[in-house]
Amino acid sequence: MSDQLQIVLIAAGWAGATAALGALCLRTLRSRPMRTSLLVLCLTTVAAVIAATIGTAHAMFLSHHDFGVVILVSVVVGALMTGVSGLLARMLVADSRALTAEARALGATDPVTPTTRSTPPASAELAEVSRELEAARVRLAESRARESALESSRRELVAWVSHDLRTPLAGIRAMAEALEDGVADDPARYRKQIRMEVDRLAGMVDDLFELSVINAGALRLSLDRISLSDLVSDTLAGADALARERGVALRGHASGNVSVRADSRELSRLMSNLVVNAIRHTPSEGVVDIHLTSADGRATIAVTDGCGGIPEEDLPRVFEVAWRGTNARTPGPDGGAGLGLAIVRGIVEAHAGQITVANTGHGCRFEVTLPALG
C-alpha cells in the first residue's frame with residue numbers, strides 16, 4: 001500500500017468517525033433551537049478536519065515537537081472556528097427570528113406595518129424570503145383596504161335600498177287599501193301609479209341582481225363583433241323620448257366605423273345607463289353629447305353632460321355602489337338605487353376595458369375605453 005493511499009484512508013477514517021458522531025448529535029438535538037444545530041454543524045466540520053490532521057500526523061511518526069506543534073495549531077484553529085461558528089449561528093438565528101416576526105405580523109388583525117431591519121439578511125435565500133414576505137404584506141394591506149371599502153359600500157347599499165324599497169311599498173299599500181275600501185277618488189290614476197311604482201321596484205331588483213352577478217365574477221358574456229357606431233345610434237334613439245321630456249338636446253358623433261368584441265346586451269345596458277344618467281342630471285335646455293373615437297387599437301366612447309360638475313373629493317366615489325352625488329336619501333320619481341354607474345364599471349371591466357370620469361367645466365365627461373377590432 002502506498003503512503004498516499006494510507007494517508008487518505010487514515011484521514012477518511014478519522015473524518016468519517018467525527019462526521020458520524022456529529023450527525024448523531026444533530027439527530028439528538030433536532031428539537032432544540034436552530035442556533036444549537038448550526039453550531040454543532042460548524043463544529044463537526046472543524047472537528048473532522050482537526051481529527052483527520054492529528055490522525056494523519058500521528059501515523060507519520062513525527063517528532064514530539066512537531067506533533068505538539070500540529071496539536072497546538074489544531075487547538076488554536078478549533079477555538080477560533082468555534083467563536084466564528086457561534087457568531088454565524090447567532091446572525092442566522094437573528095434573521096430567522098426577524099422572518100418569524102414578519103410572518104406572524106401578516107396574520108395580525110391590526111394594520112400591517114413594514115418591518116425595519118438594521119442589517120440585511122445574512123444569506124441570499126433568507127433575503128428572498130424577506131422580500132416575498134414584504135410583497136405579501138403589501139398585497140394583504142391592499143386586500144384589507146379593498147375589503148374595508150367593500151364592507152362600507154355594502155352597509156351603505158343596504159341602508160339606501162331598504163329605504164328606497166320601504167317608501168314605494170308604503171305608497172303601494174296605501175293606494176291598494178284605498179282601492180279595496182272604495183274610497184279612491186280616481187281609481188284609474190291609482191292603478192296607473194301602482195303600476196309605475198311596481199315597474200320602478202322591478203328595475204331596482206334587476207339592478208341588484210345584475211350587480212350581485214358582477215361582484216361574484218359570474219357575469220357570462222356572449223361575445224360577438226359589435227359596431228360601436230350602430231350602438232351609439234341605437235342609444236340615441238332609445239333615450240330620445242326621455243331627453244325630449246326633460247328638454248335636453250342629444251348629440252352624437254362617430255369618427256369612422258369602429259368595432260369591438262363584446263356582449264351586445266351588456267354593452268347596450270352600459271350605454272343606456274351612462275346616457276340616461278347624463279340626461280337626468282342635465283338641466284333643461286342642456287346638452288348631452290356622445291363622441292366615439294378610436295386610436296392605437298383602442299375605442300373610446302365619451303359621454304358628456306351638463307350637470308355642473310362633481311366635487312373633486314367625490315370623483316373617486318362616482319362608481320361606488322349606492323353613490324348618487326347627493327345626501328338625499330329618497331331618489332326622484334325615476335331615480336334608482338345608485339347602482340347604475342357601479343354596473344357600468346363592472347361591465348366595462350368584464351370586457352377588459354377602462355372607465356374614467358372628469359369634470360369639463362359645465363358638466364362631467366365619462367370615457368369608456370375598449371379594445372378595438374382591426
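Every value quoted in this text rests on a predicted model; they were computed, and no experiment measured them.
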Matching residue for Phe366 among Val344, Val275, Asp305 - test: side-chain contact (heavy atoms from CB on, under 4.5 Å): Asp305

Should Leu250 and Asp289 count as side-chain neighbours, where that means a heavy-atom distance under 4.5 Å? no

Non-hydrogen atoms of Ser227 and Ser259 that approach each other most closely: CA-OG, 4.0 Å

Taking the side chain as C-beta and beyond, is there a heavy-atom pair between Ser229 and Leu292 under 4.5 Å? yes

Looking only at the side chains, is there a donor atom on one of Asp224 and Ser264 sitting less than 3.5 Å from an acceptor on the other? no

When you check the gap from the basic side-chain N to the acidic O, do Glu197 and Arg195 get nearer than 4.0 Å? no

Less than 4.5 Å apart, any side-chain heavy atom of Leu341 and any of Asn273? no

Looking at His291 and His253, what are the two nearest heavy atoms and their distance? CE1-CD2, 2.9 Å

Donor-acceptor pair, distance only, cut-off 3.5 Å: does the side chain of Thr282 make one with the backbone of Gly306? yes

Mind listing the closest non-hydrogen atom pair of Ile194 and Ile172 along with its distance? CG2-CG2, 4.2 Å

What I want to find out is whether Arg269 reaches Asp263 closely enough, with some N-O distance under 4.0 Å, to be called a salt bridge. no

Quick one: does Arg251's side chain get under 4.5 Å of Val288's, heavy atoms only? no

Closest heavy-atom contact between Glu266 and Glu210? OE1-OE2, 2.7 Å

Counting N and O atoms only, with roles assigned by atom type, does the side chain of Ser143 sit under 3.5 Å from a partner on the main chain of Arg139, one being a donor and the other an acceptor? no

Do the side chains of Leu315 and Asn359 get nearer than 4.5 Å, heavy atoms only? yes

